[in-house]
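Quick notes on the structure that follows.
So that the names make sense, note that chain A is the first sequence line, chain B the second, and so on, each numbered from 1.
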Amino acid sequence: MSKLSPLSAVVARYVSDGASVVMGSALECLIPFAAGHEMIRQGKRDLTLIGPISDILFDQLIGAGCVRRVIAAWVGNVAFGLGRNFRRAVEEGSPHPLEVEDHSNFSIALALEAGALGVPYLPTRTLLGSGILSRNTSIKVAPCPFTGQPLVLVPALTPDVAILIVQRSDENGNAHCWGPTGVSAAAARASRHTILLAEEIVDADVIRSDPNRVVVPGFRVNAVVHAPRAGHPSPVQGCYNRDHESYAEYARRTRASQDFLGWLHEWVLDVKDHDGYLTKLGRDRLEALRVKRSRLAAPVEYGS
Amino acid sequence: MSKLSPLSAVVARYVSDGASVVMGSALECLIPFAAGHEMIRQGKRDLTLIGPISDILFDQLIGAGCVRRVIAAWVGNVAFGLGRNFRRAVEEGSPHPLEVEDHSNFSIALALEAGALGVPYLPTRTLLGSGILSRNTSIKVAPCPFTGQPLVLVPALTPDVAILIVQRSDENGNAHCWGPTGVSAAAARASRHTILLAEEIVDADVIRSDPNRVVVPGFRVNAVVHAPRAGHPSPVQGCYNRDHESYAEYARRTRASQDFLGWLHEWVLDVKDHDGYLTKLGRDRLEALRVKRSRLAAPVEYGS
Amino acid sequence: MEYTPQELMVVVAAREIRDGEVVFVGMRLPLLAFLLAKATHAPQAVGLFENGVIRDTPAAEFLATMSDGPNVTGAAWCGEMMEVMALLQSGRVDLGFIGGAQIDRFGNLNTSVTNDNGKITRLPGSGGACDIASLARRHIIIMNHERRRLVPRVDYVTSPGYGEGGDWRQTVGLRGGGPVAVITTLGLFRFDPTTKEMVLTSVHPGVMAEKVKAETGWPVRLAPTLSTTEAPTEAELQRIRSYDPQGFWTRSRQ
Amino acid sequence: MEYTPQELMVVVAAREIRDGEVVFVGMRLPLLAFLLAKATHAPQAVGLFENGVIRDTPAAEFLATMSDGPNVTGAAWCGEMMEVMALLQSGRVDLGFIGGAQIDRFGNLNTSVTNDNGKITRLPGSGGACDIASLARRHIIIMNHERRRLVPRVDYVTSPGYGEGGDWRQTVGLRGGGPVAVITTLGLFRFDPTTKEMVLTSVHPGVMAEKVKAETGWPVRLAPTLSTTEAPTEAELQRIRSYDPQGFWTRSRQ
């Protein structure tokens, strides 16, 4: 049975108000902006956003009033610094007060890995002596039963849904993903539901031709959306490059909350859907992001 | 600086008497038989062999008197059952008494993963109530600080050397490996030294064309041996299939220790090196193991 | 049509697999059972192998081991053991199969060491069997039925069943799970929901309950209505023989 | 030849990288420093990025982030963050670079929250900075030198330096490591081997020690022999400008 479904239907079904959602699990690439924008259009509320860093997507959802809580290591605009909506939410409670659970990249990776492994926690030596440890009350410190040395115990995170971008998927959720994956595999395996936004839908045989490249077993995937350019303005290796100017524009247009509302209407609320967003971007701009120099992976023989 | 070196020199340098060695980390495939046979020819002693299962290689080294201790989940002949030398060593102390530290596949995977992660242990819910837990005194049980439920704490293993077979490597140890990898990545990352036996030596650009397929970062690899068919009789995906008859012959010729000594001389001690072993096997037999139906991985675009 | 006890065990095992289930397959008879179930009543079943292979389609050739080339070619997923074990530990594996050298009345399995009044016999060990027995939602045991193998108490618990019976699994911290059936060369056992003791529920065609009693090392409990195991159909046997043409697992041995 | 404070900081940072070292690179100035070091005195240095990229050759184009396509094309290794963090935690990363909004005299960094007499300012957070500060064999801090940034005590320890000084790191369980240098827009600091307090060891060309004192929120300790930082060579500057042609990191901002 095919798991293909339109983005609006998938967001409506799997992202309910109050849901915990992992996005941006590959850090600055493969960020599912199209899914985040659909959440804003559907007026989702009280979401818990989970991710290592978040390159402006979390800031957008916070500014749009969709978010109650953020569990992350970093929230902002990677190339341009602060996340202005994140600041306003924490400093002024605007548009809503925001709960923030601080992590480091490693500790949130361990939390998701623990969820994926089905254990209550994983031990680590990061965070010792840090403010993250003293402020994040979910994390414990205990002496190691083997060495007696202090160890940080990071409790498992099991989000409601993980949303990943993949370069290609079959209709059953068997998908290939390449480039840096950050914590994507752990995020998908730790979550109750996994949604894939695929740049391309391919025959199952294409995926089965290279099983080592499959990011998460298909039976763990709940829905597949055919959504080319769903990552814009973030890059998707081999499909399109980063749209640096979009991040610069976002930085300019979020300094004041009024400016942000203008940006939000122009790029999210006033476009009907992801196709509308791409139409607004225009062919020339999308063309400019195309892969310029092809570099194909060396052939691999799986025959027997 | 190239890390290429002949097998005999690598075994002499990195596998000293008393060393702990991980082999067979990919289970029934990619087993570095050529390296094990070279250890036997060099008369290594008091080795600690570490691996999840071991499809006859550990049994061979035990029978040859090279082994003092085995840390494994399973030792025998996967398709034909018991490991006769393993039995004789444990039951009769012949040719030497053997210490056995029992694990399950999951617990030894966790032990190596802990070593790779640089933590003293990893928690799990496997082994609870088992004889493995009561006999393996290195493993602890403690209540979970979060749930109060009993958890098994598997201490880290950090072997002296991991020996892996890869389909192709550059001379600096950047290598591609595909097919099931079992615990290979963890074994290599947990070990002080990593040795690769490569079916093929390729230009660095071939490896860099597909960085997601690199099994362990090149800077963690100490030596690369160009050793085609080093896995025989185990299979190496895309290079050659399993030589089922070799395992059958081994099963027949190890029932009695005298028979084993005959086998050991014929296939190990009386052949000069791996090339001699391949010559003895003969072209027809090697030909018969060739890949019959090619199945190439679908192309992957890494360009930007 | 003639069939071997192994062929019958494969058929009985296949009937235990439900469509859409995630099954920790292993090798030998369980692999044949998985292939048979997929080809008949469970086409959506997914097969996991502990080396790091996941298949939703059958391999093209006979497999001597789960790592043979044909089991990788065209696999649905391929990677590290840790990820397959993670699925097991996080409760995402419905069913696992294991075999044993020695079993006791509470379904505890020994594949490590037997001690026959002082005579030690070293067996290969757990492999992934202990992990399946500890962490799968349910598991099934397949083994030869001989008095020396079905003993009152195993010498070593390699793969925990119900320990000393009752709520032992909960007591030691195992979350649910446990064996739901023991398929032997003579019959099929289930477990008493309360005491967790093995109960003979059916005998294979041509096998007398007396024979089962004689070959079992403890006083066997019989189900109130002891049935006879349904024999394999010709179609089932033809499929099994296409998967194991030389009868490597189903005729020449075991 | 004219140069910016950022260009000088890149040169000073590059000089801290030894050949063959494994360096946790990060972005911005540290990335430029890594590229400069590799092109000059440290050709065998290996660069790690927390997204899961390892490079032993420079990327072909300017990078706005570590996940930009050109940083992946031709990488030596590419995978999961967990594996890069594992290298860090297992002591296999020699050097890491981090930047900060606020630092105190023991090299503790704050990039999370500042509290200016009740006025809360929320900063982006740790990212991987806390992990580098906790687990790298040594790390180096790069930041703008302003009195409001160099404070007696940080409001939030995002990335631990030497805590309260002395053997604080050992006390809290951190194995060795810690900052070895702080490179600011005005000078270079090292740490007292015993007290672990920041010590000004060199001022950048044209900078007076008085200026450093005025821009530092605690009584700065000066090294007995205060030197002047060696200026960038024309060759170094040309390389830096080829890595950052628009001066995105080294001229237009920071």
Query raised in the report: Got more than 12 heavy atoms from elsewhere within 6.0 Å of CZ, Arg138(D)?
Result: yes
Query raised in the report: Among Gly179(A), Gly131(A), Ala26(A), Pro150(A), which residue forms the greatest number of heavy-atom pairs with chain D at distances under 4.5 Å?
Result: Gly131(A)
Query raised in the report: By a 4.5 Å heavy-atom criterion (distance strictly below it), what part of Leu123(D) contacts chain A: side chain, backbone, both, or neither?
Result: both
Report task. Might you work through the side chain to side chain contact (heavy atoms under 4.5 Å, CB included) test for Thr126(A) and Cys130(D), ending with a clear yes or no? Result -> CA-CA 7 Å; Thr126(A) 194; Cys130(D) 174; 4.3 Å; yes
Query raised in the report: Can you tell me how far the CG atom of Leu174(D) sits from the CZ atom of Arg125(A), to the nearest 0.5 Å?
Result: 8.5 Å
Query raised in the report: Between Thr65(D) and Asp55(A), what is the shortest heavy-atom contact and its length?
Result: CG2-OD2, 4.3 Å
**Report entry** Under 4.5 Å from a heavy atom of chain A, the part of Thr121(D) involved
**Finding:** both
Query - Winner by heavy-atom pair count (cut-off under 4.5 Å) against chain A, out of Ile120(D), Val154(D), Leu135(D) - result: Leu135(D)
Query raised in the report: Ion pair present between Asp59(A) and Arg122(D), side-chain N to carboxylate O less than 4.0 angstrom?
Result: no
Report, one line per pair, each donor and acceptor closer than 3.5 Å where one atom sits in a side chain of residues 231-241 of chain A; sequence neighbours left out.
| unit_1 | atom_1 | unit_2 | atom_2 | d |
| --- | --- | --- | --- | --- |
| His232(A) | ND1 | Tyr277(A) | OH | 2.8 |
| His232(A) | NE2 | Asp243(A) | OD2 | 2.7 |
| Ser234(A) | OG | Ile31(A) | N | 3.1 |
| Ser234(A) | OG | Gly231(A) | O | 2.6 |
| Gln237(A) | NE2 | Tyr302(B) | O | 3.0 |
| Gln237(A) | NE2 | Gly69(D) | O | 3.2 |
| Gln237(A) | NE2 | Thr73(D) | OG1 | 3.3 |
| Tyr240(A) | OH | Glu199(A) | OE2 | 2.6 |
| Tyr240(A) | OH | Gly231(A) | N | 2.9 |
| Asn241(A) | ND2 | Leu289(A) | O | 3.4 |
| Asn241(A) | ND2 | Arg290(A) | O | 3.4 |

Query raised in the report: If you tally heavy-atom pairs under 4.5 Å against chain A, which of Ser159(D), Gly52(D), Gly163(D), Gly79(D) wins?
Result: Gly79(D)
Report task. Determine which residues belonging to residues 83-90 of chain A lie within contact range of chain D, meaning some heavy atom pair is under 4.5 Å apart, and list them by number or answer 'none'. Result -> Phe86(A), Arg87(A), Val90(A)
Query raised in the report: Taking NZ, NE, NH1 and NH2 as the nitrogens, is one of them in Lys292(A) or Glu61(D) under 4.0 Å from a carboxylate oxygen of the other?
Result: no
**Report entry** Side chain, backbone, both or neither of Ser134(A) within contact of chain D (heavy atoms, under 4.5 Å)
**Finding:** neither
Query raised in the report: Between Ser130(A), Ser54(A), Ala72(A), which shows the greatest number of heavy-atom pairs under 4.5 Å with chain D?
Result: Ser130(A)
Requested in this report: Considering only heavy atoms and a distance below 4.5 Å, find which of Met27(D), Met66(D), Arg169(D) pairs most often with chain A.
Outcome: Met66(D)
**Report entry** Residue, of Leu82(A), Asp102(A), Ile53(A), Val183(A), that accumulates the most heavy atom pairs under 4.5 Å with chain D
**Finding:** Asp102(A)
**Report entry** Contact residues of residues 84-98 of chain D (partner chain A; heavy-atom separation under 4.5 angstrom)
**Finding:** Met85(D), Gln89(D)
Query raised in the report: Between the side chain of Asp131(D) and the main-chain N/O of Phe106(A), is any donor-acceptor distance below 3.5 Å?
Result: yes
Report task. Select, from Gly127(D), Ala129(D), Cys78(D), Gly128(D), the one with the greatest count of heavy-atom pairs under 4.5 Å involving chain A. Result -> Gly127(D)
Report summary line: Within residues 136-147 of chain A, the residues sitting under 4.5 Å from chain D by heavy atom, in sequence order, are none
Report summary line: Value for CE (Met81(D)) from CG (Asn105(A)), rounded to nearest 0.5 Å, stands at 4.0 Å
Requested in this report: Mind ranking Arg293(A), Arg135(A), Arg295(A) by heavy-atom pairs under 4.5 Å with chain D and telling me who comes out on top?
Outcome: Arg135(A)
Query raised in the report: Relative to chain D, which segment of Leu110(A) carries a heavy atom at a distance below 4.5 Å: side chain, backbone, both, or neither?
Result: both
Query raised in the report: Does atom CZ of Arg175(D) have more than 12 heavy-atom neighbours from other groups under 6.0 Å away?
Result: no
Report summary line: One option among His103(A), His244(A), Glu113(A), Gln149(A) has the most heavy-atom pairs under 4.5 Å with chain D, and it is His244(A)
Query raised in the report: For the atom pair CG (Leu133(A)) and OG (Ser134(D)), what is the distance rounded to the nearest 0.5 Å?
Result: 9.5 Å
Query raised in the report: Between Ala133(D), Ser67(D), Ala64(D), which residue shows the highest count of heavy-atom pairs closer than 4.5 Å to chain A?
Result: Ser67(D)
Query raised in the report: Using non-hydrogen atoms only, which part of Trp77(D) is less than 4.5 Å away from chain A: side chain, backbone, both, or neither?
Result: neither
Requested in this report: Identify the two heavy atoms, one from Glu80(D) and one from Ala185(A), that lie closest to each other, and give their separation to 0.1 Å.
Outcome: OE2-CB, 3.3 Å
Report summary line: Leu128(A) and Gly173(D) have their tightest heavy-atom pair at CD1-O, 3.5 Å
Report summary line: Most contact-rich option vs chain D, by heavy-atom pairs under 4.5 angstrom, among Gly76(A), Gly129(A), Cys29(A), is Gly129(A)
Query raised in the report: What part of Asn110(D) lies closer than 4.5 angstrom to a heavy atom of chain A: side chain, backbone, both or neither?
Result: neither
Query raised in the report: Is Arg252(A) atom CZ crowded by more than 12 heavy atoms from other residues, nucleotides or ligands, each under 6.0 Å away?
Result: yes
Report summary line: Turns out that what part of Ala109(A) lies under 4.5 Å from chain D's heavy atoms comes down to both
